[in-house]
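A quick write-up on the structure given underneath.
Everything numeric here is computed off the predicted structure, so don't read it as measured data.
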Amino acid sequence: MANHMGRSAPILTRLACGASLAAMAVSPAWAQDTVDEAPAAEDEIIVTGFRASLDKALDQKRNSTAAIDVIVAEDIAKFPDQNLAESLQRIPGISIQRDAGEGRAITVRGLGAQFTRVRLNGMETIATSTDGASANRDRAFDFNVFASELFTSLVVHKTASASLDEGSLGAVVDLNTGNPLGGKEGFTVVASTQARYNDLTKDVNPRVAGLIAWTNADRTFGVSASVAWSDYTTHELGNNSVRWAQAPFRRVDGVTCMTGSNFVANPSQACIDVAEAFHPRIPRYGLVSHDRERLGATASIQFEPSENTKISIDGLYSKFKETRDEYWGEVLLRSNERSIDVSNYVIDSNNNLISADLDNVYVRTERYSRESETEFYQLSGRIEQALTDTFRVKLLGGFSRSDADIPVETTLAFDDTDATGYRYDYSDMKFPLLTFGAGIENPSSFVLAEFRDRPSFLTNKFQTFAGDFELDVSDGFQLLGGGFYRQFDFETVGFRRDSTYCAAFPCAPGTGGLPVTADISELFKLGKAGQPAGNTNAWIVPDLAAGTALIDLYNRPAALQQGEQREVTEKTYGGWFMTEFETDIFGMRMTGNAGVRYVKTDQSSSGFTSGTFVTVDRTYDDWLPSFNINLHPTENLILRGAIAKVITRPTLGSLTPGGSVDQFNFRISSGNPFLDPYRATTFDLAAEWYFAPGALASVALFAKDVVSFPISTSLQGTYASSGLPTSLLTPGTPAHTAVVGGADPNRQFEFRTTGNGPGANLKGVEFSLQLPFSVFSDSLRHFGVLGNATFVKSDVDYSIAGPLAYNPVTNRLEAQPNGTYTQPLLGLAKRAWNATIYYDDGKFSVRTSAAWRSAFNDSTSGNNNVFEGYGSSFNVDASIRYQLTENIELSIEGTNLTDDYRYRFTDLEANRNYENNHYGRTFLFGARFKI
């Protein structure tokens, strides 16, 4: 009989539960009936629940030609974690990035989210959310868009094959929903409900999910549909510095340092020391509240009129809504240093102005609110036809669309521009002491100074068509190939209703804004943000509803932001050819594949350049050979090797011609449509030892030689040096000042762009252990552990502008020559591990999981700091489940049980505080019903 090499009839090996992989592959986890664990035959034990899902995942890994890792749901509405990203972090080599305490994006073997391609039911797609401090405007996939209950398995492809979609330097992740023909005959109905409690919000919120499926008696026709909904609030409490910067102050210890924009003649050494030291730009404590609603649904129809024909149609829908509310009490040192007086200060060994008393400071209290909504849908169809006993074809077609819209993004700011008695102390860099003088709780101390509203809209669209064939040439040898066409469209646009109050409305002379009254303000109280004793914990903030109504904000015209209107269209087409083989060599079984993939990319990117909307077209192509080989020295030992050429296309924002001017943060960003893709050669070696049923010990070595690597750069300069006209600086914004010509061309701006940088090397090792304690004794068969650790090293030479220095000739702070810094790839953590210990007897189960990731850089930074990134993270989760009856299960789950803080730093050596926040512990109490 022909061997189909892991498809409709995979290579047979004996499973721990006594079934073939072929039978398991067509039967999703939710289709399996629950049975009591008992010996079924000699040397055969049937297991259920969490241990059964581990066994099924291990069998898929063992029988795959390429290197993969798999997570299988125990049953519908029983995915191992509340979030797909949090499940993926259990896989060796994968770490996650969290937003508001919830997993959002993944990093695979040190490569960030933009290097990972995601497929839903076999079709590549992008789903972006507007969670976090800013919306995702890139290729990265946001896993928090989807409810985990909708999925039956995740498959992570770590090595490339010619048949696998290109575009990944890290991995290809397959997300799979239901398979109705794998279910039992007749109806299946499953429902689950949970109550979610967070110890910071003190709220109880709902989460529900359900599935209905039906299969006819002949198992030729089946339908299924599932839905999941949740509505909850998460608080993010902590502090933020908005980076650190250097600048001269007006006076130091009573000595005048500045005259206009220059130092006084022969400034004191104290004036120079304080100017050269780094100080927090906007030191502040505050609350960020995330109010989220997530709705997801799937539907599937499958029809098999004969054993040679299979037709399936799959649909997926998701809506993710969030209202993000922020409350800040802060001081704007940024760009106001020349009016501020410093005294009683300390400069530490890292050249930080670590503490100081400040007078004549610019105090601001800020209220921000963003309403966002991501709506995603996908429809795909697949036809699989066996034309003869040895020749099969498969057609796949479909489309997806993701709209990530922000109709409201509003900020109101109260200012007191000459406050006294302010002090900050960052001696404890993670939990600074920030104290305000008198008046912070008094509305009459402030004026309504600025208002902003920044609606924006983003659309990602995919269209896919592919046709593949399989030909069994002989026993153990196949030819496979196919062709494909994909079109990806990215569109984004942004608008502004930004102004200072006095530019929009008449102001009394010398006021700087509308005097604040109790009618448009409210008192904010901070709560538990980790602040030390003596910190200021309450202040007046704008009442958002009253303030926006007073100025009729949402009826003001919204001006198009040219730099935020961008479009990218990519058409990719090509073909692939591959052989799969199985043979014996030196008495050992050998399997593998070898092939090549050709892809041509037609890229069209559009954006504004100096007021004109332009489109730039380019075309490039790639030949991507790949080779996977597996040796089986014994029945339970597999030695794997792989080599391949891979690519990742440049980030979307970087491809845009032209750029944008941020007139509030004094930043100019521009793109480059001629960026080359990331291109790399990857090498993999692995040994997998399946030393007992359900057990695995493995080690994998990997290396990636990245020959091209676009790199972001940041530097300081005057607005005039940008070459842009001052007419782009809008009256009513801080960048527009009352000087001749209407704007100050000598004001300092930060410039951000991307260029084709040098290559890079990455290498690492993964260790993994899956150990059921039945290995030691049958009496311990309900216990087990999972664990893995990853160590990665990479070296990239970055050219970065370091600190400014005082020049006595020009009497100014000036930039110094760039330095070269050898550091890992951005987003790469050198070390990571996770572990799970469990007990599962089929009726009662307990799991505890821990995940740790070392610190890493995520940007080359700005403001003359050298790199910025995140500190190490440690998360502990646990769950308890009890099968009350055959049809009812009760559960308790807890996430982030250590209430881990997310620490972000700026400057690699000085480790200056960027932000430090926590989100509280979350507990879920649930019940699940199945008939």
Side-chain angles (χ1 to χ4, degrees), residues 7-8 25-31 73 76-77 118-127 145-147 149-155 163 165 173-190 209-228 295-319 375-387 392-403 460-470 482-488:
R7 287 173 171 77
S8 56
V26 298
S27 183
W30 59 262
I76 182 64
V118 175
R119 303 191 301 186
L120 278 171
N121 295 323
M123 196 179 87
E124 183 181 358
T125 192
I126 292 178
V145 170
F146 300 107
E149 294 93 334
L150 304 179
F151 296 87
T152 58
S153 70
L154 309 180
V155 180
S163 60
D165 291 345
V173 178
D174 277 320
L175 311 181
N176 302 306
T177 58
N179 176 7
L181 285 182
K184 66 181 183 180
E185 176 187 333
F187 279 99
T188 298
V189 179
V190 181
L211 170 136
I212 184 169
W214 178 81
T215 302
N216 67 356
D218 295 333
R219 293 187 178 274
T220 60
F221 182 78
V223 295
S224 67
S226 65
V227 65
L295 172 67
T298 70
S300 181
I301 301 173
Q302 289 186 325
F303 179 46
E304 291 190 17
S306 73
E307 63 179 10
N308 294 323
T309 305
K310 182 175 181 179
I311 301 171
S312 61
I313 300 175
D314 296 290
L316 178 67
Y317 174 83
S318 178
K319 179 180 282 189
E375 189 169 25
F376 174 93
Y377 61 83
Q378 175 178 297
L379 184 65
S380 61
R382 184 190 307 265
I383 300 175
E384 300 176 51
Q385 179 68 48
L387 299 177
R392 296 164 299 281
V393 295
K394 179 172 63 178
L395 300 178
L396 170 68
F399 61 88
S400 68
R401 177 175 176 138
S402 175
D403 293 302
N460 287 315
K461 293 185 289 186
F462 259 105
Q463 301 175 54
T464 298
F465 178 80
D468 301 338
F469 73 87
E470 299 178 4
F484 59 89
Y485 171 83
R486 296 192 304 269
Q487 179 171 324
F488 169 57

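Asn176 pairs by the side chain to side chain donor-acceptor pair (under 3.5 Å) definition with Ser153, not counting sequence neighbours. For Ser400, the side chain to side chain donor-acceptor pair (under 3.5 Å) criterion is met by Thr125, not counting sequence neighbours. By the salt bridge (Lys or Arg N to Asp or Glu O under 4.0 Å) test, Arg382 is found to be paired with no residue, residues two or more places apart in sequence or in another chain being considered. For the side chain to side chain donor-acceptor pair (under 3.5 Å) test, residues two or more places apart in sequence or in another chain that qualify with Ser300 are Asp314. In terms of the side chain to side chain donor-acceptor pair (under 3.5 Å) criterion, residue partners of Thr298 (sequence neighbours excluded) are, by chain and number, Ser226. Under the rule for a side chain to side chain contact (heavy atoms under 4.5 Å, CB included), the partners of Val189 that lie at least two apart in sequence or sit in another chain are Ile212, Ile931.
Side-chain contact between Glu304 and Thr309: absent, with no pair of heavy atoms (C-beta onward) separated by less than 4.5 Å. Side-chain atoms of Ile301 and Phe221, non-hydrogen and from C-beta on, do get closer than 4.5 Å to each other. Residues Leu120 and Phe151 are in side-chain contact: their nearest non-hydrogen atoms beyond the backbone lie under 4.5 Å apart. Residues Gln302 and Lys310 meet the side-chain proximity criterion, which asks for heavy atoms closer than 4.5 Å.
Expressed to the nearest 0.5 Å, how far CG of Leu181 lies from CG of Asp218 amounts to 11.0 Å. Annotation: the span from Arg392 atom CZ to Phe469 atom CZ amounts to 11.0 Å, rounded to 0.5 Å.
With hydrogens and angles left out, the side-chain atoms of Glu375 and Tyr377 include no donor and acceptor closer than 3.5 Å.
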Practice problem: List the steps and the verdict of side-chain contact (heavy atoms from CB on, under 4.5 Å) for Leu295 and Val227. | Solution: CA-CA 7 Å; Leu295 172 67; Val227 65; 4.0 Å; yes
Exercise. Report the C-alpha distance between Phe484 and Thr464 in whole Å, list the side-chain angles of each, state the deciding distance to 0.1 Å, and finish with yes or no for side-chain contact (heavy atoms from CB on, under 4.5 Å).
Key: CA-CA 8 Å; Phe484 59 89; Thr464 298; over 6 Å; no
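Between the side chain of Thr188 and the backbone N or O of Ala213 there is no donor-acceptor pair closer than 3.5 Å.
Nearest heavy atoms, Arg219 versus Lys184: NH2-CA, 3.6 Å. Annotation for Met123 and Ser380: closest pair SD-CB, 4.2 Å, computed over non-hydrogen atoms. Closest non-hydrogen pair, Thr177 versus Thr152, comes out as O-OG1, 3.1 Å.
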